[in-house]
2 protein chains.
Amino acid sequence: MIYSIGELARRTGVKIPTIRYYEQMGLMEPPERSSGNQRRYTQHGLERLSFIRHARQLGLSIEDIRELVDLSQRPERPCHEAHQIAARHLENLQARIAKLKKLEKELKRITGGSDTGQVGACHVIRALADHSLCDGDHG
Amino acid sequence: MIYSIGELARRTGVKIPTIRYYEQMGLMEPPERSSGNQRRYTQHGLERLSFIRHARQLGLSIEDIRELVDLSQRPERPCHEAHQIAARHLENLQARIAKLKKLEKELKRITGGSDTGQVGACHVIRALADHSLCDGDHG
DNA sequence: TATATTCCCTCTAGTAGCTATAGGTTCAAG
DNA sequence: CTTGAACCTATAGCTACTAGAGGGAATATA
């Protein structure tokens, strides 16, 4: 099967300009072109794009994905590195979740006050103005 | 007290170019200048910057903060709007946390496999290539 | 074969929220 | 009065796209 860029977009849910962007960034390899210079992808291109999309959905950076793609093209290389990239990303993710949970806690506190009056005495605004009112260890 | 931009930066932990950026974005009001055109801030400027920093740490957008700043300058306005901004942000945050937790789960699964061999049979890479291997509802 | 519609091409610029650099001026201390 | 740190503006860069202009290519129908 041969796919146009639009077909690829439809099948993967990745938008057309994004596919071209991935090509520019070296994630997608430049495909063959039709006589009229339009991109023509094979099954291989479809699989590569699925890989990229999946990794992006998991929050991996373009740079990380480039590493993984390079690794996957050298099957003799040790798997260790791929594992490390994923593990490093998991750590980042867990740190981010922890931080967001702290923020959630403070926002809940801030929005929990009684705010029926005027801005002059607004709990939300006072809480933001005075960091000392909060638990203090975010950021 | 009068502060230079550097003093303000030191006291709030916000970098100098960032303070100027906030001025450009309309969050900080343009301060008085010295005879040699350098910014001179008052206590008011320091407080405003603390407010902004705190809100940014909570993940509020520049746009949201601009609204809050505008509100806080009109003490007769109802507090309701400020409350809504914070509440809306809390919802976003909770959605983000939920999503990241899903990703965490899948990344844990991916990195949990035995990956001592070569890339050719790497679990990490296979899992990324084949979305059908995962629980499927992320993204 | 003509035409209409849909698709595709490249290139440029815009988004958020900064950060970094270049090239020059001012302030404060000694 | 000189030195060195701090400051100024303006511009460009970062991530990961997205949108638009202005045009060519592919395809379906008449």
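Throughout, protein chains are lettered first and strands after them, A, B, ... in sequence-line order, and every chain is numbered starting at 1.
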Check the side chains of B:Tyr3 and B:Gln43 for a donor-acceptor pair under 3.5 angstrom, ignoring hydrogens and angles.
yes
Here the distance between atom C1' of D:dA12 and atom OH of B:Tyr21, to the nearest Å, is 15 Å
Which nucleotide of DNA chain C is the first, and which the last, in the 5' to 3' direction, to come under 4.0 Å of a heavy atom belonging to chain B?
C:dG17 to C:dC27
Please give, in whole Å, the distance from D:dC17 C1' to A:Ile62 CD1?
9 Å
Please check the phosphate of D:dT18 (OP1 and OP2 only) for any side-chain N or O of A:Thr18 closer than 4.0 Å.
yes
Residue whose nearest DNA chain C nucleotide is more 5′ - B:Leu60 or B:Arg40:
B:Leu60
Could you state the atom-to-atom distance from OH of A:Tyr22 to C1' of D:dT15 in whole Å?
11 Å
Given atom CD of A:Glu63 and atom P of D:dC14, what is their separation to the nearest angstrom?
12 Å
Out of curiosity, B:Ser72 OG to B:Arg48 CZ, how far, rounded to the nearest 0.5 Å?
6.0 Å
Pair B:Val14-B:Tyr22, side chain to side chain contact (heavy atoms under 4.5 Å, CB included): steps then yes or no:
CA-CA 10 Å; B:Val14 178; B:Tyr22 288 158; 4.1 Å; yes
So, B:Arg77 and B:Asp70, do they make that salt bridge, N to O below 4.0 Å?
no
Check this for me, if you would: do B:Arg39 and B:Glu23 make a salt bridge, where the nitrogen-to-carboxylate-oxygen distance has to be below 4.0 angstrom?
yes
Nearest heavy atom decides the nucleotide; on that basis, is A:Ile5 or A:Gln24 closer to the 5' end of DNA chain C?
A:Ile5
Got a sec: does the CD of A:Glu7 have more than 12 other heavy atoms crowding it under 6.0 Å?
yes
Between atom CG in A:Asn37 and atom P in D:dG23, what is the gap in whole Å?
17 Å
Starting at CZ of A:Arg20 and ending at P of D:dG20, how long is that distance when rounded to a whole Å?
14 Å
Whether B:Glu63 and B:Arg66 form a salt bridge (side-chain N of Lys/Arg under 4.0 Å from carboxylate O of Asp/Glu) is what I want to check.
yes
Looking at D:dA6, D:dA16, D:dA26, which one has an atom nearest to any side-chain atom of A:Ser61?
D:dA16
Using a 4.5 Å cut-off on heavy atoms from C-beta on, say whether the side chain of B:Tyr41 contacts that of B:Leu49.
no
Any B:Arg10 side-chain N or O less than 4.0 Å from OP1/OP2 of D:dA6
no
In whole angstrom, what separates A:Ile52's CD1 from D:dC17's P?
10 Å
Before giving the answer on side-chain hydrogen bond (donor to acceptor under 3.5 Å, both in side chains), spell out for A:Glu76 and B:Gln118 the whole-Å C-alpha distance, their side-chain angles and the decisive distance to 0.1 Å.
CA-CA 6 Å; A:Glu76 77 288 357; B:Gln118 293 183 320; over 6 Å; no
Specify the closest pair of heavy atoms between A:Ser50 and A:Thr12, including all atoms of both residues, with the distance to one decimal.
OG-CG2, 4.1 Å
Just compare D:dC17, D:dT9, D:dA25 and give me whichever is closest to any side-chain atom of B:Arg39.
D:dT9
With a 4.0 Å limit, can you tell me whether A:Ser4 has a side-chain N or O closer than that to the phosphate oxygens OP1/OP2 of D:dA26?
no
Axial bend angle, the helix from C:dT1-D:dA30 to C:dG30-D:dC1: five-pair end segments, nearest 10°
10°
What is the separation between atom CD on A:Glu23 and atom P on D:dA16, rounded to the nearest whole Å?
18 Å
